[in-house]
Structures are given as structure tokens and as C-alpha cells.
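Shown next, in C-alpha cells, is the structure this report addresses.
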Amino acid sequence: MTRDQVGEELPNLAESKLTALVVDDSFVNQTIHQKLLNRLGIKNDVVTNGKEAVDVYCSGGNYDLILMDMDMPIMNGIQATKRLREMGIESKIAGVTTRANEGEKKEFMEAGLNDFQEKPLTISKLLSILHKLNFYVQT
């Protein structure tokens with residue numbers, strides 16, 4: 001385990017070989033999400049919209065976890081999540097967005113999300129996602 005800046009013990013999931021795909025059109029959010037995943041030892045890649053996420057899977061890509069933004073050009077998170085589920089993709093998908101009114105959250109969840117978190121994503125929110133989706137590995 002490593003310690004974060006406030007002294008919290010962080011698990012290192014490198015040995016678990018978890019993989020994640022970050023789907024977000026904001027470079028700042030991409031960077032934040034990648035750094036959080038890296039801190040936990042989770043191998044990750046980034047795409048900038050929902051269509052690219054679908055294309056990755058169409059090309060044979062596969063990830064344990066997808067961090068999906070809701071608001072993106074060229075296939076938003078709701079559309080991409082629906083499409084991935086229609087394709088039979090079983091990866092765990094966590095919606096991560098700044099827009100969280102109840103109607104939109106409900107529509108996003110019904111598209112096939114396994115979890116939903118409001119931005120900004122933090123280490124504790126990421127750990128919450130991993131716990132809820134049974135990815136948390138004590139080392």
C-alpha cells in the first residue's frame with residue numbers, strides 16, 4: 001500500500017491487472033482520471049468521445065472498467081453506454097459527469113451504467129466505484 005497526501009492508505013491494484021478506459025473530451029479531466037488510476041496501479045487508456053470508445057471495442061479492445069463522461073460531442077455517454085451494452089459488452093461502466101440532475105442521472109443509469117459519480121473524480125470516489133463493482137483488492 002502507498003499513502004496519499006493526507007496519509008490515507010491506498011491499495012496498489014497493479015498485481016490484479018485491472019484495466020480501465022477513460023472516455024472524456026476534456027483534457028483536464030482525462031489527466032485527472034489517468035493520474036488517479038495510475039496511483040492505484042490500474043493500467044488505462046483514454047479516448048475523447050463515445051464513438052471512439054465504441055470503436056475501441058469494435059477493434060477488439062477490452063477493459064474491466066470504463067469511466068464514461070456524459071457530455072461529449074460525437075456520441076455522448078448515454079448513447080455510447082447504450083451502444084456498448086447492445087454490443088454485449090460486459091465491462092463495468094461508471095458514469096462520471098458534472099451534470100447530475102435526477103432526470104439525466106436516471107437516463108444515464110438506465111443506459112447501462114453500473115455506478116454514477118459526480119465530477120470532480122477524487123481518489124475516494126474512485127475507490128468507492130471499485131468497491132461497489134467488486135474490483136477492490138486488498139494487498
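Here the structure is a predicted model, which means the values were calculated and not measured.
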Side-chain heavy atoms of [X] within contact of [Y], under 4.5 Å:
X	Y	answer
K105	F108	no
L40	I123	yes
Q79	K82	no

According to side-chain contact (heavy atoms from CB on, under 4.5 Å), who are the partners of [X], at least two apart in sequence or on a separate chain?
X	answer
A94	L65, L67, D115, I129
N114	R85, K92, I93, L133
N44	A20, Q34, L37, N38

- [ ] Locate the shortest heavy-atom distance separating A80 from G50; write the atom from each residue and the value.
- [x]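 Taking A80 first and G50 second, the nearest heavy atoms are CB-CA, 3.5 Å.
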Open item on the list: Which heavy atom of L113 sits nearest to which heavy atom of F116, and what is that distance?
Closed with: CD1-CD1, 4.1 Å
Separation of [Y] [atom2] from [X] [atom1] (nearest 0.5 Å):
X	Y	atom1	atom2	answer
E90	L84	CD	CG	12.5 Å
D69	T98	CG	OG1	7.0 Å
S26	H33	OG	NE2	8.5 Å
L127	L36	CG	CG	9.0 Å
I89	T81	CD1	OG1	12.0 Å
I78	M109	CD1	CE	12.0 Å

TODO: Using modelled atom types only, decide if a donor and an acceptor are shared between the side chain of S91 and the backbone of I66 within a distance under 3.5 Å.
DONE: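 Here the side-chain-to-backbone pair does not exist.
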Task: Donor-acceptor contact present, side-chain S128 to main-chain S124, <3.5 Å - done: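 A pair under 3.5 Å: no.
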Open item on the list: Hydrophobic cluster membership, with links at side-chain heavy-atom distances under 4.5 Å among I/L/V/M/F/W/Y: are M68 and I74 in one?
Closed with: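 The answer is no; the residues belong to distinct hydrophobic clusters.
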Open item on the list: Could you see if M72 belongs to whatever hydrophobic cluster contains F27? Use Ile, Leu, Val, Met, Phe, Trp, Tyr and a side-chain cutoff under 4.5 Å.
Closed with: no
Task: With E110 via salt bridge (Lys or Arg N to Asp or Glu O under 4.0 Å) - residues at least two apart - done: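 Here the qualifying residues are K106.
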Task: Selection residues 18-37 - residue pairs positive for salt bridge (charged side-chain N to carboxylate O under 4.0 Å, His left out), sequence neighbours left out - done: D24-K119
Task: Pairs flagged by salt bridge (charged side-chain N to carboxylate O under 4.0 Å, His left out) wherever residues 43-60 is involved - sequence neighbours left out - done: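 Pairs touching residues 43-60 that pass the test: K51-D55.
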TODO: Walk me through it: do D64 and I42 pass the test side chain to side chain contact (heavy atoms under 4.5 Å, CB included)?
DONE: CA-CA 10 Å; D64 299 302; I42 300 172; over 6 Å; no
